[in-house]
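The structure under discussion appears below in the form of structure tokens.
Because the structure is predicted, anything quoted here is derived from the model rather than measured.
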Amino acid sequence: MRYLPLLAATLSFNVFAASTPDAPHIYIQGQAQISTIADNVKLGVAIVEVDKDLMSAKQKADQTMAKAIKLAKQQGIDEKSIYGSQISINRENQYNRETGKQDFIGYRVSRTLSLTLTDVTKYPLLLQSLVNAGINEINQTEFTSSRYESLQKKVQKMAIADAKSAAKEFAAEYDVELKGLYSASNAPMNISAQPYMRAEKTMLSDSNSGSFVPDAYHAGEITISADSYAIYLIKN
């Protein structure tokens, strides 16, 4: 678990910027994070063929792409999660030091394929199958959670709750009373002072995330974080 240093608290009675009130106030930062098991993997691959015969290079790329899409479907990937790009064609040259000219190497034909696999245990087999089918570039591998959006909303609420609690804690330490909320934001405010925040984030492990299959490949945990910033007015 990572601990963040406790920053100097801000108890302000002056105007720092236009976004701050001309009244006694405190600037607070709430933090939270949720850890969950990755159950999806977004994969970006490509086939690149170089040939002086343009039609030959295109045919090879198209054939490989067709094989890759078929393999993806065989692994249970929904068609809506399979996206094959349009073909890209460029002339490829190489500098010849002896002649000082650019020699034509061939036409570079490429196509990319984006997939979302919902069973990470199938990832190694899928990747090897794609390579065996002729895929020769791996552009992206991103392990994600199918519940990312709902967890992001949840962790944001946790960060807001942490900011509220931190405000009460800070006010109590300085023997002042909170008057009410002046403004709040999910991003840092334009203030020339550091917000008060706790030394440790509010943390939660997602109990509804998928579990590991013993001795099988898994992507491990991913962490979803959120912050909340608030200015509270205090009583004189």
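- The two residues Ala46 and Ile135 make their nearest non-hydrogen contact at O-CG2, 3.4 Å.
- Of all non-hydrogen atoms in Ile231 and Pro21, the two that sit nearest each other are CG2-CD, 3.9 Å.
- Counting only distance, with no hydrogens or angles, the side chain of Ser165 and the backbone of Ala161 share no donor-acceptor pair below 3.5 Å.
- Following chains of ILVMFWY side-chain contacts shorter than 4.5 Å, one cannot reach Ile160 starting from Val155, and the two form parts of different hydrophobic clusters.
- Listed here is the closest heavy atom pair of Ala226 and Gln156: CB-OE1, 3.5 Å.
- Scored by the side chain to side chain contact (heavy atoms under 4.5 Å, CB included) test, Glu169 finds Glu173, Tyr196, Arg198 as partners (sequence neighbours excluded).
- A continuous path of ILVMFWY side-chain contacts below 4.5 Å connects Val41 to Leu130, so both sit in one hydrophobic cluster.
- Glu149 meets the salt bridge (charged side-chain N to carboxylate O under 4.0 Å, His left out) test with no other residue; sequence neighbours excluded.
- Residues Leu117 and Leu43 fail the side-chain proximity criterion, which asks for heavy atoms closer than 4.5 Å.
- In this structure, Gln63 has no side-chain hydrogen bond (donor to acceptor under 3.5 Å, both in side chains) partners at least two apart in sequence or on a different chain.
- Residues Ile34 and Met158 are in side-chain contact: their nearest non-hydrogen atoms beyond the backbone lie under 4.5 Å apart.
- Taking the side chain to side chain contact (heavy atoms under 4.5 Å, CB included) definition, one finds that Gln74 meets it with Lys70, Leu71, sequence neighbours left out.
- With sequence neighbours excluded, the residues that form a salt bridge (charged side-chain N to carboxylate O under 4.0 Å, His left out) with Arg111 are Asp62.
- Listed by first and then second residue, the ring-ring contact (aromatic ring centres under 6.0 Å, His included) pairs involving residues 87-113 are Phe104-Tyr107 (not counting sequence neighbours).
- The two residues Ala57 and Val109 have their closest heavy-atom pair at CB-CG2, 3.6 Å.
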Distance-only donor-acceptor pairs under 3.5 Å for side chains of residues 81-91, two or more places apart:
from  : atom 1 : to     : atom 2 : distance (Å)
Ser85 : OG     : Thr112 : N      : 2.9
Ser85 : OG     : Thr112 : O      : 3.4
Ser85 : OG     : Thr112 : OG1    : 2.8
Ser88 : OG     : Asn90  : ND2    : 3.4

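- Among all heavy-atom pairs drawn from Asp51 and Ser56, the shortest one is OD2-OG, 3.6 Å.
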Passes ring pair (Phe, Tyr, Trp, His ring centres under 6.0 Å), Phe143 versus Tyr123? Steps please. CA-CA 10 Å; Phe143 293 96; Tyr123 171 66; 5.6 Å; yes

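- If you chain together hydrophobic residues whose side chains sit under 4.5 Å apart, Val45 and Val48 never meet in one group.
- Note: the hydrophobic cluster containing Leu127 also contains Met65 (ILVMFWY, side chain heavy atoms under 4.5 Å, direct or indirect links).
- For Gln128, the side-chain hydrogen bond (donor to acceptor under 3.5 Å, both in side chains) partners two or more places apart in sequence, or in a different chain, are Asn132.
- Between the side chain of Asn40 and the backbone N or O of Thr144, no donor-acceptor pair lies under 3.5 Å.
- In this structure Lys122 satisfies the salt bridge (charged side-chain N to carboxylate O under 4.0 Å, His left out) test with no other residue, sequence neighbours excluded.
- Among residues two or more places apart in sequence or in another chain, the side-chain hydrogen bond (donor to acceptor under 3.5 Å, both in side chains) test is passed with Gln152 by Tyr148.
- The minimum heavy-atom distance linking Ile222 with Ser145 is given by the pair CD1-N, 3.6 Å.
- Placement of Tyr232 and Phe170 within a single hydrophobic cluster is found when ILVMFWY residues are connected by side-chain heavy-atom separations under 4.5 Å, directly or transitively.
- In the hydrophobic clustering, where aliphatic and aromatic side chains (Ile, Leu, Val, Met, Phe, Trp, Tyr) are joined below 4.5 Å either directly or transitively, Met55 stands alone.
- At least one donor-acceptor pair under 3.5 Å links the side chain of Tyr27 to the backbone N or O of Met189.
- By the salt bridge (charged side-chain N to carboxylate O under 4.0 Å, His left out) test, Glu98 pairs with no residue at all, sequence neighbours left out.
- Contact of the Ile37 side chain with the Val120 side chain is not registered, since no non-hydrogen atoms from C-beta on lie closer than 4.5 Å.
- Looking only at distances, a side-chain donor or acceptor of Asp39 sits under 3.5 Å from a matching main-chain atom of Ser146.
- Here the side chains of Leu126 and Leu115 are in contact, with some heavy-atom distance below 4.5 Å.
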